[in-house]
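Quantities reported herein were computed from a predicted structural model and do not represent experimental measurements.
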Protein chains: 2
Amino acid sequence: MVTIYDIARVAGVSAMTVSRVINDTGRISEATRKRVRQVMEELQYVPNSNARSLVLQKTNILSLLIADIANPFYTTLARGAEDAAKRLGYRLLFGNSDEDYGKEKDYVDMILSTRVDGVLFAPAGDGSAPHLRLLEQHRIPYVLLDRDVPGIQADRILGESRDGARRLVEHLIGLGHERIALVNGSEDVSTARERHAGYRDALKLNDLPYDETLVRHLDYSDGFNPSDLDPLLALSSPPTAIFAANNFLALGVIQSLRERGLAVPDDLSVVCFDDLGFASILSPFLTVAAQPAYQFGALGLERLVDRIENGDGSGPRTLILPAELIVRSSSRKRER
Amino acid sequence: MVTIYDIARVAGVSAMTVSRVINDTGRISEATRKRVRQVMEELQYVPNSNARSLVLQKTNILSLLIADIANPFYTTLARGAEDAAKRLGYRLLFGNSDEDYGKEKDYVDMILSTRVDGVLFAPAGDGSAPHLRLLEQHRIPYVLLDRDVPGIQADRILGESRDGARRLVEHLIGLGHERIALVNGSEDVSTARERHAGYRDALKLNDLPYDETLVRHLDYSDGFNPSDLDPLLALSSPPTAIFAANNFLALGVIQSLRERGLAVPDDLSVVCFDDLGFASILSPFLTVAAQPAYQFGALGLERLVDRIENGDGSGPRTLILPAELIVRSSSRKRER
DNA sequence: CTGTTAGCGCCTTCAG
DNA sequence: CTGAAGGCGCTAACAG
């Protein structure tokens, strides 16, 4: 491996001078600068960022921890984070917690030992709190993405879950639906709670009763189980519409309905939170509350870098990004 | 930051002993081991992997460079790579070249200065050759994924592009189609050339003429341009079926046809290479040659780690992963 | 079983 | 404008 000493020797200067040329610090005569540059070129010198990080106590690496890399919401978010990181001169170390606290903990340990400069953290859920405290103890700045964690004070980029859910459900109500089911994930996650609340808001605003039997909380960590829908469909007065609280649940719902010979939207309307990437382009089908996923990543990363480079003058800041209601063909007027 | 010296002092031993406890090397008495462990716990010690990398000349970081993070093929591949990396004790540094040689070069520079132990490289195209040579000059092992690069000797995990394409086109021929268009990307990419060849194979095997006017090469680096299809549709004898050489092109083709009021498969059949992730679940529509994307990542990473840890005893090895023809509703019998 | 010495590649500090 | 010395946190090699 070629080091600054190699190029110093060849260029007939000291290593320090080479270092100065590399970092553009101190005053160097144009002649030696040029000579050093040339030798670096010839020897194909590449700085060793480990050595540099060790002395500077700064790695220029940020970590992005997401919950599901198969989900277009998170991949779009990752794209936004990655573009911003590149623009701001940071590299991105990437982790996928798979909605699993155990895996998440493993990544946090990696993050600590890598000495990354900061973390973009899309937490698995409320149980992520200890992991965040670990980061705090080690003075690693982080920004929470998409999901809030109770008891944690930190910068965060959140979506309009409650209001977006309310609008989706009011859209269904406007189509004449009165028996609307909510298929939700675990309420261990802030967005699930918020969307549940938005669902209730919509019912209340329209003088519809809240019926617990229409609400399902599913643990879909190892896939969606079609039979989870049975209690809803077996109701004496079954729903005419389903609000799936995220895109993954919507996929499960639609597949399950299909298996049971039920057509969307002919037999039931279905709407969901989050758009579906490629799927929505190929067949613009699902009515959704779409979130600006790219912005979650890009703005989150910018905030993080700001925090790292300019300190925490202002205390935790929260940014709420709007959700957009996109009406497509999976929802339609209720047959009377 | 707490270092091994801190814990050595508190535990009343030397730093070396602490190091031995951490790495489970050398013989240490159970008593001191226990004491050291406890102090590490109390002080919340986390090893500094930079310092360790510096002396060991090994980072335990691998880099994954993909061409498009929005594409389900690559995200599924990334998932496979990530799972395997975790299993084998490596971290993954992540990069997205966006099919752009300039961005790719930037990432290669980053990779060099990070001193990663190896690279999983899905090249943008033939023009990636200089970047690969750079890796070679710096003795960084890499495995090529999905795309081959002429003149490069390296381990690679490739798909069955030629034969998969042949089967897709023969499927169309079996449905009675004789005027079959190929919508391809730049032939600067090996998979594009292979799929083109497979297309010709199918025609020849079935005694159909190869008609250049039915073949389009599109540069879709800044999105798919609907008017690119016009030359095909304006033909005096237009195609009754289109083979899109990848999933992204298929999206463009289908959107463009839709804009022009043409229905799939009623007016034209469409088939493509690569599956579409969420989209195929939501609406099982496109007939595709699906590749085992997860395996590309997982097997590629395993090969890479094998190379890193066991040297290159055997010379470059190539693994060909099969493509599976999945017939869905976007292709149907030609109307006579 | 445990400690000492030296050095990984680079940069900060202080002298020239 | 340039150089010498020392240290970032850790471990290999050698002593004891």
Side-chain angles (χ1 to χ4, degrees), chain A residues 1-37 39-40 43-61 109-117 138-140, chain B residues 1-37 39-40 43-61 109-117 138-140:
Chain A
M1 178 189 300
V2 20
T3 74
I4 54 172
Y5 286 94
D6 297 322
I7 90 126
R9 190 166 21 78
V10 176
V13 295
S14 78
M16 204 46 236
T17 301
V18 178
S19 174
R20 289 193 179 101
V21 171
I22 293 170
N23 298 294
D24 252 326
T25 55
R27 256 152 288 282
I28 302 275
S29 77
E30 201 43 54
T32 62
R33 182 195 309 282
K34 210 162 177 175
R35 189 150 33 89
V36 169
R37 283 252 161 78
V39 176
M40 294 201 313
L43 269 56
Q44 300 220 53
Y45 170 76
V46 179
N48 182 327
S49 42
N50 277 311
R52 168 182 279 227
S53 299
L54 190 58
V55 42
L56 294 184
Q57 307 276 29
K58 170 132 165 74
T59 56
N60 266 285
I61 295 181
D109 287 340
M110 275 189 185
I111 282 167
L112 293 177
S113 82
T114 307
R115 301 296 197 266
V116 301
D117 296 336
H138 291 272
R139 303 279 152 94
I140 301 192
Chain B
M1 177 189 298
V2 19
T3 74
I4 54 171
Y5 285 94
D6 297 321
I7 90 128
R9 188 165 25 75
V10 176
V13 295
S14 78
M16 203 47 230
T17 301
V18 177
S19 175
R20 288 192 179 104
V21 170
I22 292 169
N23 297 295
D24 253 327
T25 55
R27 255 153 289 281
I28 303 274
S29 78
E30 200 43 53
T32 62
R33 182 193 310 281
K34 211 162 177 177
R35 189 151 34 89
V36 168
R37 284 250 161 81
V39 176
M40 293 200 316
L43 270 54
Q44 300 221 56
Y45 169 75
V46 179
N48 182 327
S49 44
N50 278 311
R52 167 182 279 224
S53 298
L54 190 57
V55 41
L56 293 184
Q57 307 275 29
K58 170 133 166 72
T59 56
N60 266 286
I61 295 181
D109 287 340
M110 276 189 186
I111 281 166
L112 293 177
S113 83
T114 307
R115 302 293 198 268
V116 301
D117 296 335
H138 290 272
R139 302 279 153 94
I140 301 192

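Residue A:Lys34 qualifies as open at atom NZ: its count of foreign heavy atoms under 6.0 Å is 12 or below.
Of the listed residues (B:Asn23, B:Thr59, B:Asn60), just one forms a side-chain hydrogen bond (donor to acceptor under 3.5 Å, both in side chains) with B:Arg52, and that residue is B:Asn23.
In the set C:dT2, C:dC10, D:dT11, the nucleotide with an atom closest to the side chain of B:Val55 is D:dT11. For A:Asn48, the side-chain atoms get nearest to C:dG9 when compared with the rest of C:dG9, D:dC10, C:dT2. Set against C:dG9, C:dC11, D:dC10, the side chain of B:Arg52 has D:dC10 as its closest nucleotide. Among the nucleotides D:dC10, D:dG3, C:dC10, the one closest to any side-chain atom of A:Ala51 is C:dC10.
Taking only distance into account, the side chain of B:Arg20 meets the base of C:dG3 through a donor-acceptor pair shorter than 3.5 Å.
The nearest heavy atom of DNA chain C to A:Tyr45 and to B:Val13 marks one nucleotide each, and the one closer to the 5' end goes with B:Val13. In terms of position on DNA chain D, the residue among A:Met16 and B:Asn50 whose nearest nucleotide sits closer to the 5' end is A:Met16. Judged by closest nucleotide on DNA chain C, B:Ser29 is the one of B:Leu54 and B:Ser29 placed further toward the 5' end.
Neither OP1 nor OP2 of C:dC8 sits under 4.0 Å from any side-chain N or O of A:Thr3. Between A:Gln57 and C:dC11 there is no side-chain N or O to OP1 or OP2 distance below 4.0 Å. At least one side-chain nitrogen or oxygen of A:Ser14 sits closer than 4.0 Å to the OP1 or OP2 atom of D:dG3.
Residue B:Ile28 is classed as a sugar-phosphate contact, given heavy-atom separations below 4.0 Å to backbone atoms only. Residue contacts for B:Leu56: at a heavy-atom cut-off of 4.0 Å it reaches the sugar-phosphate backbone alone, with no base atom in range. Nucleic acid contact class of A:Thr32 (heavy atoms, under 4.0 Å, all strands): sugar-phosphate only.
Following rounding to the nearest Å, B:Lys58 (NZ) and D:dA12 (P) show an atom-to-atom distance of 14 Å. Computed from coordinates, the A:Tyr5 OH to C:dC11 P distance equals 10 Å when rounded to whole Å. Atom pair B:Arg9:CZ and C:dG3:P shows a separation of 15 Å (rounding to whole Å applied). The nearest whole Å value for the distance from the CE atom in A:Met40 to the P atom in C:dC10 is 11 Å.
In this structure, the side chain of A:Ser113 does not engage the main chain of B:Ser49 through any donor-acceptor pair within 3.5 Å.
Atoms CZ and OG1, on B:Arg9 and B:Thr3 in that order, are 7.5 Å from each other to the nearest 0.5 Å. Here the OG1 atom belonging to B:Thr32 is positioned 10.0 Å from the CZ atom belonging to B:Arg37, to the nearest 0.5 angstrom.
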